[in-house]
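Note on naming: letters A, B, ... go to the chains in the order of the sequence lines (proteins, then strands), and numbering restarts at 1 for each one. These values consider heavy atoms only, across backbone and side chains, with no hydrogens, waters or symmetry-generated copies.
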There are 2 protein chains.
Amino acid sequence: MVTAGGQAQNQDSRDEILKAAIRLFATRGFHETSMSEVAREAKVSKALIFWHFKTKEDLFLAVLNKLLEPYVIDFAEESEKLDAREQIRKLIGGYVNFVRENASSVSFFLRRFMSGEEMPEAFTEQIRRLYDLYKALLTDRIRLGQEKGLCARSNQPEVLADFVMAALNGLLINLLFMSQAPFDLDSALAMLYRLLFGDVPGAAPQAEPAAH
Amino acid sequence: MVTAGGQAQNQDSRDEILKAAIRLFATRGFHETSMSEVAREAKVSKALIFWHFKTKEDLFLAVLNKLLEPYVIDFAEESEKLDAREQIRKLIGGYVNFVRENASSVSFFLRRFMSGEEMPEAFTEQIRRLYDLYKALLTDRIRLGQEKGLCARSNQPEVLADFVMAALNGLLINLLFMSQAPFDLDSALAMLYRLLFGDVPGAAPQAEPAAH
DNA sequence: GTTGCCATTGACCGACGGGTTAGGGATGGG
DNA sequence: CCCATCCCTAACCCGTCGGTCAATGGCAAC
């Protein structure tokens, strides 16, 4: 039998190592983080890390897995009754919130991704699929909105979605990495909405009392 | 007297080393690039590198300097006669072109910047100043455009400029790092212009302030 | 020819990297 | 009590790192 105490200790130290590794990998990157540092940060011996994880890559994979846990999309089910405009708003708001809430791991993945440091195909694949899924959702809702006359028909849905995604990414990168010189995210989102829905004050219960 | 041949050889090998270092630093990053690799790539001995550059940091600084050389802004002088709208178009076009033409070094700096890997203050400072200058220019032209009724007054100039910059950055990051799944940059720019200048394709000023 | 400087090299160094190994305490089953 | 198994560690291995150094070929000046 496996001892409950031993098991718990096992998981304890493993978690401690993982937490330390996440911290270090996220702030310093893979190559710049040494196993000795992880050991020191986790207050265990280096050998114990290699007992839990066969290799440094292995530890990295475990970190990636842990970081990927919250990456789920949960929209759409209960929002069937909203009109296309509100659904799009909800999608965009969800994207922004997600990035905000997972700021550290998002910037971590973003960094890996941009630096071309190769990650196992499975992970980039999963992230890409999520991103593409999101874009597809957005494109679809935009198309729907256009059909119902709620959405600007200035461009094809794909082009609009591409632009919205790019703008969002730019805004969020601003938010994540240029912490100084903050900007007005709400106004920016309002501009995106205006671009999507036209200047019609529509169902938007927001400021700008232009019609007074 | 200094021998012309020696001098030339000196500069030759120095340049060769710099070129190799640029290539390697840009693709693999600072920490992941070893001096031995640079030596191999430049087809010189490692010791020669340390003869030209006291330390690895030194080499890195030289690389940064070389990469920063083309970073200049040359707008605005001969464009005095253009109207605000055209000037804004020119600014945005210039930004896009600049990033495109200096793609490799831009992404290099972007990577350093995002990864928080510290660069000497002077460089981040220079880049930041350039960026801020550009944004100030854009803000100014937008303000001018708004005053002349050529530009949408949906938001304050700063907010508009922030948004435009963020959107541009998002688009360009798309362009730089997501080479697959290309998108329609021209359409995206057109959308930006529409947002800036209103839906009117011509030069007709809309929404006069005197309309009340 | 020799002197002196410059560019360049191979051999070398200590430090640190990822990874291994031999073993030691705890715990539980027989 | 002994043995097996699990966690865990100190010490070690070996390759690579940034960096140094003594030595050398080449070339201009005398």
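Ring geometry for B:Phe163 against A:Phe163 counts as tilted: the plane angle lies between 30° and 60°, on a 0 to 90° scale.
With sequence neighbours excluded, the residues forming a side-chain hydrogen bond (donor to acceptor under 3.5 Å, both in side chains) with B:Glu158 are B:Arg143, listed by chain and number. Partners of B:Asn174 according to the side-chain hydrogen bond (donor to acceptor under 3.5 Å, both in side chains) rule, which considers only residues two or more places apart in sequence or in another chain, do not exist here.
Note on B:Ser13: every side-chain N or O is 4.0 Å or more away from OP1 and OP2 of C:dA7.
Within a heavy-atom distance below 4.0 Å of DNA chain D, the residues of residues 54-63 of chain B found are B:Thr55, B:Lys56. Looking at residues 23-40 of chain A, you'll see that no heavy atom sits under 4.0 Å from any atom of DNA chain D.
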What's touching nucleotides 9-13 of chain D from the protein side, N or O pairs under 3.5 Å?
{"from": "D:dT9", "atom 1": "OP2", "to": "A:Ser45", "atom 2": "N", "distance (Å)": "2.9"}
{"from": "D:dT9", "atom 1": "OP2", "to": "A:Ser45", "atom 2": "OG", "distance (Å)": "3.0"}

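In terms of modelled atom types and a separation under 3.5 Å, the side chain of B:Ser45 and the main chain of B:Leu48 share a donor-acceptor contact. Put simply, the side chain of A:Gln146 gets close to the backbone of A:Ala152: a donor and an acceptor are under 3.5 Å apart.
Between A:Glu37 and the options A:Lys46, A:Lys43, A:Arg28, a salt bridge (Lys or Arg N to Asp or Glu O under 4.0 Å) holds for only A:Arg28.
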In residues 53-60 of chain B, what donor-acceptor pairs under 3.5 Å come from side-chain atoms, sequence neighbours left out?
{"from": "B:Thr55", "atom 1": "OG1", "to": "B:Glu57", "atom 2": "N", "distance (Å)": "3.2"}
{"from": "B:Lys56", "atom 1": "NZ", "to": "B:Phe30", "atom 2": "O", "distance (Å)": "3.1"}
{"from": "B:Lys56", "atom 1": "NZ", "to": "B:Thr33", "atom 2": "O", "distance (Å)": "2.8"}

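Using a 4.0 Å cut-off between charged side-chain N and carboxylate O, A:Glu86 and A:Arg89 make a salt bridge.
Whole-Å rounding puts the B:Phe50 CZ to C:dC13 P distance at 17 Å.
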